[in-house]
Amino acid sequence: MNTALLKLRTTRAPWAAAGVIVAAAAAVLALNAALLGRPGQPALTPEVLVDLVRAPGRLTGAAALLFGLLLTTSECRHGTALSSRLVQPRTTVRLLGAAVAAAVAGAVLAGIVTVLMLGGSAAILASADLAVEPFRYGTPAAVAALIVTAALHGIAGVGLGELLRNPAAAVGVVLGWIFVVEGIVPVVLRQPDFGRWLPGGAIQSALEPSVGGVALLAVYAVAVLALGGLRASRDA
């Protein structure tokens with residue numbers, strides 16, 4: 001795990017992704033500060049705190065997924081897979097170490113984004129002389145869900161990266177699944193509600209938050225990691 005964390009810390013892409021997410025969170029705060037309470041816009045009330053905290057949840061998860069992808073696909077891209085296997089010949093241990101590192105990195109990023117959203121939201125509410133109540137309206141559960149969801153994205157990213165071995169292919173598969181497959185499957189099956197059982201639906205449910213959604217997302221993450229482990233073991 002320490003080696004994987006070091007790899008993330010010394011690679012530009014994770015820092016760039018984290019910077020983009022933090023900037024996006026700040027933009028969400030600025031936009032809401034300008035619009036909330038205006039005519040024709042949602043009312044500015046203390047309950048808005050939890051909505052603002054949840055707002056960057058999907059983007060944070062996407063960055064954590066990228067962390068996991070980079071940990072595994074970068075070895076194939078830079079030709080360091082063999083040296084990594086020499087350092088740690090046990091495939092399962094190596095893959096689990098990468099998964100834990102990606103989960104930790106995703107959780108840390110989610111924590112940073114959460115602190116930013118809580119602080120910014122508190123400032124917006126205080127400027128309107130409204131109460132700041134971070135322990136009400138389901139905010140603690142939303143914070144926990146955001147952090148856990150990001151960690152699970154990191155684990156899934158490691159498995160997917162090990163399966164595909166190519167960062168461009170992995171990103172393409174993720175985008176294709178989100179924007180194409182998850183839109184088509186419910187239509188083909190003639191089951192509009194089936195989408196909530198797919199990964200995208202599980203993510204949305206987890207961020208609401210829902211214990212069932214978190215559990216389903218965990219099943220998907222572990223399944224993808226297991227598939228990646230099978231391929232890694234076969235190629236070892």
Side-chain angles (χ1 to χ4, degrees), residues 13-29 31-32 51-74 76-77 99 102-103 105-107 109-110 113 117 142 145-210 212-228 231:
W15 289 102
V20 169
I21 300 307
V22 170
V28 168
L29 285 171
L31 183 62
N32 279 278
D51 294 324
L52 290 175
V53 168
R54 283 197 298 247
R58 281 185 172 269
L59 288 176
T60 306
L65 184 75
L66 181 62
F67 293 166
L69 288 174
L70 290 173
L71 277 176
T72 43
T73 60
S74 62
C76 296
R77 181 182 178 187
L109 176 61
V113 172
M117 298 306 291
L146 180 65
I147 293 173
V148 172
T149 300
L152 291 174
H153 274 78
I155 293 171
V158 169
L160 186 61
E162 191 65 50
L163 270 175
L164 299 178
R165 309 284 178 87
N166 183 289
V171 171
V173 166
V174 171
L175 293 177
W177 181 274
I178 292 172
F179 294 109
V180 180
V181 176
E182 294 212 356
I184 292 176
V185 170
V187 175
V188 172
L189 296 178
R190 297 182 181 179
Q191 297 290 336
D193 293 334
F194 187 75
R196 65 193 180 96
W197 298 103
L198 297 174
I203 293 169
Q204 183 62 40
S205 180
L207 291 172
E208 285 180 355
S210 161
V214 172
L216 181 58
L217 183 60
V219 169
Y220 277 121
V222 172
V224 173
L225 182 64
L227 290 173
R231 178 174 184 186

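These numbers come from the heavy atoms of this one structure, side chains and all, not from hydrogens, waters or symmetry mates. Small disclaimer: the values here were computed from a predicted structure and weren't measured.
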Visitor: Identify the two heavy atoms, one from V224 and one from L160, that lie closest to each other, and give their separation to 0.1 Å.
Guide: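 That closest heavy-atom pairing would be CG1-N, 3.4 Å.
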
Visitor: Could you pull out the closest heavy-atom pair between L69 and G161, with the gap in Å?
Guide: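 Scanning both residues completely, I find the closest heavy atoms to be CD2-N, 3.6 Å.
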
Visitor: How far does CG of L189 sit from CD1 of I184, to the nearest 0.5 angstrom?
Guide: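 Taking CG in L189 and CD1 in I184, the distance rounds to 11.5 Å.
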
Visitor: E182: what forms a side-chain hydrogen bond (donor to acceptor under 3.5 Å, both in side chains) with it, not counting sequence neighbours?
Guide: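 side-chain hydrogen bond (donor to acceptor under 3.5 Å, both in side chains) list for E182, sorted by chain: W177.
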
Visitor: Which pair of non-hydrogen atoms, one from G213 and one from S205, has the smallest distance, and what is that distance?
Guide: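 Distance-wise, the nearest heavy atoms are CA-OG, 3.4 Å.
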
Visitor: Nearest 0.5 Å, please: how far is CG in L216 from CG in L152?
Guide: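 Taking CG in L152 and CG in L216, the distance rounds to 10.5 Å.
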
Visitor: Compare every heavy atom of L198 with every heavy atom of Y220, then report the nearest pair and how far apart it is.
Guide: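 Minimum heavy-atom separation between Y220 and L198: OH-CA, 3.6 Å.
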
Visitor: To the nearest 0.5 Å, how far apart are CG in L109 and NE2 in H153?
Guide: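 Taking CG in L109 and NE2 in H153, the distance rounds to 12.0 Å.
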
Visitor: Side chains of T73 and N166: closer than 4.5 Å at any heavy-atom pair?
Guide: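 Heavy-atom side-chain distance check fails, nothing below 4.5 Å.
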
Visitor: State which residues pass side chain to side chain contact (heavy atoms under 4.5 Å, CB included) with L29; sequence neighbours excluded, sorted by chain then number.
Guide: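 With sequence neighbours excluded, L29 shows a side chain to side chain contact (heavy atoms under 4.5 Å, CB included) to L116, M117, S121, I124, given in chain and number order.
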
Visitor: For residues 52-66, which side-chain donor-acceptor pairs fall under 3.5 Å, sequence neighbours excluded?
Guide:
from: R54; atom 1: NH1; to: E208; atom 2: O; distance (Å): 2.6
from: R54; atom 1: NH2; to: D51; atom 2: OD1; distance (Å): 3.0
from: R58; atom 1: NE; to: Q204; atom 2: OE1; distance (Å): 3.4
from: R58; atom 1: NH2; to: G200; atom 2: O; distance (Å): 3.0
from: T60; atom 1: OG1; to: P56; atom 2: O; distance (Å): 2.8

Visitor: Grab the two heavy atoms, one from P209 and one from A145, that are nearest each other, plus how far apart they are.
Guide: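 Looking at all heavy atoms of both residues, the shortest contact is CB-CB, 3.4 Å.
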
Visitor: Atom CG in L207, atom OG1 in T149: separation rounded to 0.5 Å?
Guide: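 So the CG of L207 and the OG1 of T149 are separated by 4.5 Å.
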
Visitor: Give me the atom names and distance for the closest heavy-atom approach of A13 to L70.
Guide: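 So the minimum-distance heavy-atom pair works out to CB-CD1, 3.6 Å.
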
Visitor: Side chain to side chain contact (heavy atoms under 4.5 Å, CB included) with I178: which residues, sequence neighbours excluded?
Guide: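 I178: side chain to side chain contact (heavy atoms under 4.5 Å, CB included) contacts with V174.
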
